[in-house]
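Computed from a predicted model, the values in this text were never measured in an experiment. Within every chain, numbering begins at 1; the chains are lettered A, B, ... in the order of the sequence lines, protein sequences first and strands thereafter.
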There are 2 protein chains.
Amino acid sequence: MKTNELCNCSILRSSSSKITSIYDKALSNNGVKVMQYALLKYIYLMKSPNLNELSAALYQDRSTLGRNIRILERMKLVSINTGKDKRQIQIMLTNHGTVTLQEARKAWELVQKKIEIKLGKKKQEQLIEILNDIQSIELKL
Amino acid sequence: MKTNELCNCSILRSSSSKITSIYDKALSNNGVKVMQYALLKYIYLMKSPNLNELSAALYQDRSTLGRNIRILERMKLVSINTGKDKRQIQIMLTNHGTVTLQEARKAWELVQKKIEIKLGKKKQEQLIEILNDIQSIELKL
DNA sequence: AAATATAATGAGTATATACCCATAATATGA
DNA sequence: TCATATTATGGGTATATACTCATTATATTT
């Protein structure tokens, strides 16, 4: 049995893990992880979305988002209110969340720039293009 | 505040998540997820390694591996024995684990091939190269 | 040989992820 | 309007991940 070819999935998983730890470290002075930073950013950009909207924007499971949002709430970075439709929750940045986003933004820019330099402009662009391809893959299995 | 540039990390995370779900589905008839398949494969290739060796090979945290291995043990795919050095655990495929690896291998080959076709040979190679670059990044932060 | 250092692993804790089902609220149709 | 369908979210459960600390076993040094 040959079992030693490179698995697209495994290498993507470990690269994702590696780069996550780099960004997490870069943001650690701001007290947030990169996923939390991304959430804050989207909540800001989407102007107090509900869970459904956020999960659609991030292509992520609603229950995942719900749990992650509650962590941000515990951290006092967001506040959660019920909307007019009482099923929905409206997610807003607190002042602390807004400040954290602004500060973390600087750290994010730094590490993003460093990665781009390490990788080079060409590979950077290729990476984005290929990952976009992957995200739009629809396989009938 | 501009906050809308593409984050290398976020796109890698969501691509990883996406491709993981594709491989997981492809392997679901074999009762394993892609991470578990990868573990079985390494245990086979490394001929009953211990946790340290496995975690070094996979660039993964030992405690993560330990937990994942115990899931495989619960599934009767691997057995765990103490080595001569009684601190170590020796991880072996059971018969069931060996058969599962062989069968899952076929499903893995199919999905791997489909992804390669979707992506095209050139992008496939570029992806591997770029991800290797990313994995060897060492940033002083 | 005894004291100390090192090494391998497990357990506690925490985040991130997704599946399925339950519940409550709203919308729709008869 | 009332019964039914749909929608939004929460909770249960499970895997994957990593950090820190505790424990136990081996190695080293005196």
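For A:Ser17 and B:Ile71, each mapped to the nucleotide of DNA chain D holding its nearest heavy atom, the one lying further toward the 5' end belongs to B:Ile71. Position along DNA chain C of the nearest nucleotide to B:Gly66 versus A:Asp61 favours B:Gly66 as the more 5'-ward residue.
Side-chain contact, A:Thr82 with A:Gln90: no donor N or O sits under 3.5 Å from an acceptor N or O. Looking only at atom types and distance, the side chain of B:Asn8 has a donor-acceptor partner in the side chain of A:Gln124 under 3.5 Å away. Inspection of the B:Gln112 and B:Tyr23 side chains reveals an N or O donor paired with an N or O acceptor under 3.5 Å.
A:Thr64 contributes a side-chain N or O that forms a donor-acceptor pair with the base of C:dA18 under 3.5 Å. You'll find a donor-acceptor pair under 3.5 Å spanning the side chain of B:Arg87 and the base of C:dA7, going by distance alone. For B:Arg67 against C:dT13, a side-chain N or O and a base N or O form a donor-acceptor pair under 3.5 Å.
Under 4.0 angstrom from either OP1 or OP2 of C:dA16 there lies at least one side-chain N or O belonging to A:Gln36. Under 4.0 angstrom from either OP1 or OP2 of D:dT15 there lies at least one side-chain N or O belonging to B:Arg74. OP1 or OP2 of C:dT17 lies within a sub-4.0 Å distance of a side-chain N or O belonging to B:Arg13.
Listed nucleotides D:dT26, C:dT17, D:dT9 differ in distance to A:Met35; the shortest reach to its side chain belongs to C:dT17. Each of D:dT9, D:dT26, C:dG12 was ranked by its minimum atom distance to the side chain of B:Asp85; first place goes to D:dT26. Side-chain proximity of B:Lys33 to D:dC19, D:dA16, D:dT9: nearest is D:dA16. If you check C:dG10, D:dA25, D:dG11 against the side chain of B:Leu51, the one that comes closest is C:dG10.
What separates CD1 of A:Ile19 from P of C:dA16 is a distance of 17 Å, to the nearest Å. Rounded to an integer number of Å, the gap from CZ of B:Arg62 to P of D:dA22 is 16 Å.
Residue A:Thr20 is out of contact with every strand shown, counting any heavy-atom pair closer than 4.0 Å. Using a 4.0 Å heavy-atom distance criterion, B:Lys18 is classed as making no nucleic acid contact.
Remark: of the listed residues A:Lys114, A:Lys18, A:Lys118, A:Lys18 is the sole one forming a salt bridge (Lys or Arg N to Asp or Glu O under 4.0 Å) with B:Glu138.
Each salt bridge (charged side-chain N to carboxylate O under 4.0 Å, His left out) pair with one or both residues in residues 63-76 of chain A, not counting sequence neighbours, would appear here, but there are none.
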